[in-house]
2 protein chains.
Amino acid sequence: MATIKDVAKLASVSVGTVSRFLNGYTIKEENQTRIEQAIQTLDFKFNPIARGLRTNKTYSVGVLIPRISDIFCTQVIEGIEEVLEPLNYSILICSSNDKLELQREKINFLQNKCVDGIIAMPVTSAEFNVDKVTGNGTPVVLIDRLVKDCELDAVVADNVNGAYLAVEMIINKGHQKIGIIAGPQEIYTAQERLMGYLRALNDYHIEVNEDYIIHTQYKKDGGIDAFHQLISLPDRPTAIFTTNYPITVNTMRLMLEKGLQIGQDVSLCGYDQTELFQMLNPPISVVVQPSKEIGIQAAEILLKRIGGDFSRFPQIQRLKTSLIATDSVKTLF
Amino acid sequence: MATIKDVAKLASVSVGTVSRFLNGYTIKEENQTRIEQAIQTLDFKFNPIARGLRTNKTYSVGVLIPRISDIFCTQVIEGIEEVLEPLNYSILICSSNDKLELQREKINFLQNKCVDGIIAMPVTSAEFNVDKVTGNGTPVVLIDRLVKDCELDAVVADNVNGAYLAVEMIINKGHQKIGIIAGPQEIYTAQERLMGYLRALNDYHIEVNEDYIIHTQYKKDGGIDAFHQLISLPDRPTAIFTTNYPITVNTMRLMLEKGLQIGQDVSLCGYDQTELFQMLNPPISVVVQPSKEIGIQAAEILLKRIGGDFSRFPQIQRLKTSLIATDSVKTLF
DNA sequence: TTGTATGCGTTATCAG
DNA sequence: CTGATAACGCATACAA
């Protein structure tokens, strides 16, 4: 592949001149046309990596997510693209596949001058291996999940309130026996959503039944065991609150398989939105996260940090969720 | 950020020794422990980019897709990850947002020694800007769509047959008036799926009604105009074949809004699978693509090329689709 | 085994 | 405005 050097040779100028031309400085018109010619004939392609080595700027940002198939993640990324694409930033997406070890590797990979900044959704809220975040280090903005003892910018959804409003709605429809399929205890959002559930029960003076609280994985098969446990309880709940997308979908599938009608035999309120949820009969009640907006705000904070502006650090943005209430939660009176 | 040089200084050895140590060569044990110490204290992070500049190997591959929110794309990527992750390759995902210009930029970005190889789903089948593919250039494997006059390895689904089988199923259920919402004429898969539709009609001696063939975008809002056109025809079709995921979902939504019951008032067969399709009432008939398998095979071919094995070039793999037939297509007798 | 020197593609600094 | 050259972080050929 042709380099700036080949171009210089063919155009009979120095590499410096070619570099300056490429970076928009004014050079003698004659040289300019000759360089343009040379670029054409050699089919020269500029190498941003080599530049990055020199300038410590690559005009690219890394995005680290748990899984590429996660609908919430892709919606967030669309928001990030909306901000960064117009500024000609490249976006590199890596997935940690929910593994701490992979997260470490990928962060390392991204941090090494490969990108100017990182937007990351951490695997757990217990650990995040990032060192120098301010100053000369690569800026990092967390999304969706906070990490304990980790001073970083972050944009998250208000999970406590999101869950609270959902459970409150269920209570207001007359339910007292409300099960929750919660995420892993070490994940921030799972902790918060469970807290919202507990607060709602507390505020409405409903006693907490530990049997109704089951933890599961956030991953693809999440909630399958949990649902079975919940449904085979002697005094089973009349409503189930599922706390992320895969859990919600799996629970729906299992109910279907068992011949349980959603909203009749057992009520259901889920988390995260896909248009198909509202096409089902009945449509599914869900907590809707401002996923795209999370991406947008994270990208904006990151740009600020890349630009060297470290005011209000660490800046933690908490965005409101909304609730879609449907007949998937039965009104009991 | 600490470099190999700093480590060398602190460990009182030369950079060469550190480099060799990092690359697994045997060095004097005493030096090894000193280097390990230095790496610890400096929190040294290895920079794979700089190495890539030197070695032309980065142990990373680029994946270019039209949209990150496309369910088909993410499924393909999961297949790619399955192959490449165990080999410690990093995967960089870029999206072209269906824009030729962005595709050009991203391919350029990836090709410049940033990655060892590229797996790409081209925006159109008319153009793909890649130059030296064999030999010293960055290997490229196309997925899902072929490009005219472009000799490249590719893994695609058998779209002609996929569409053919779907339309055949519709015909066998007694339908004669079958509408198709086809993708953009310049996209390979759209051309092939339309061809399958036409062949099926031809084989079953059903006359082609041009009014029943409508082209639309593959993007998010795809099929909305098309559906309105189709449904307001004086002699409207009894069944509609929608040829990708967004078109299918949009059509379903519009039918719901218009109070048309799927499988009763109008029959529907879609393309691409999501578990939720089978939870609807009735479940939706769809052509299922081997999306993950496409990713797996593309990654395997790419690895072969990266390894310098250019046998059977260009290698074009065509994978079979399957069909889920449900009551969303009404049996007319 | 180890250290030294050179090169990868680009930018930045300097003197011309 | 231009050319020459050092520097970025690392790998490697070569000499020691």
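Chain A is the first sequence line, chain B the second, and so forth, proteins listed ahead of strands; every chain is numbered from 1.
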Against the side chain of B:T3, the closest entry in C:dT11, D:dC10, C:dC8 is D:dC10
Per atom distances to the B:N23 side chain, the nearest of C:dT1, D:dA11, C:dG9 is D:dA11
Protein-nucleotide distance ([X], atom [atom1]; [N], atom [atom2]), rounded to Å:
X     : N      : atom1 : atom2 : value
B:K57 : D:dT12 : NZ    : P     : 12 Å
B:I49 : D:dC10 : CD1   : P     : 11 Å
B:R20 : C:dT4  : CZ    : P     : 11 Å
B:I27 : C:dT1  : CD1   : P     : 10 Å
A:I4  : C:dG7  : CD1   : P     : 18 Å
A:L53 : D:dA11 : CG    : C1'   : 13 Å
A:R54 : C:dA12 : CZ    : P     : 7 Å
B:K9  : D:dG9  : NZ    : P     : 11 Å

Give one of base, sugar-phosphate or nothing for [X], where a contact means two heavy atoms less than 4.0 Å apart.
X     : result
B:F44 : sugar-phosphate
B:F46 : sugar-phosphate
A:V13 : sugar-phosphate

Heavy-atom donor-acceptor pair, A:S125 side chain to A:E186 backbone, under 3.5 Å: yes
Heavy-atom nearest nucleotide on DNA chain D taken for A:G16 and for A:T26; more 5' hit belongs to A:T26
A side-chain contact here means heavy atoms from C-beta on lying under 4.5 Å apart; do B:V83 and B:I80 qualify? no
inquiry  = Is it the case that atom CD in A:Q37 sees more than 12 heavy atoms from other parts of the structure closer than 6.0 Å?
reply    = no
Can you tell me if the side-chain N/O atoms of [X] get under 4.0 Å from OP1 or OP2 in [N]?
X     : N      : result
A:T55 : D:dC8  : no
B:N31 : C:dT1  : no
B:S14 : C:dT4  : no
A:T17 : D:dT2  : no
B:R51 : D:dA11 : yes

Sorted by position of nearest nucleotide on DNA chain C, 5' first, the leading residue of B:A50 and B:V15 is B:V15
Review point. Are any of the side-chain nitrogens in A:E81 or B:K99 under 4.0 Å away from the carboxylate oxygens of its partner?
Key: no
Original post:
Under 3.5 Å, is there a donor-acceptor pair linking the side chains of B:E78 and A:S69?
Top reply: yes
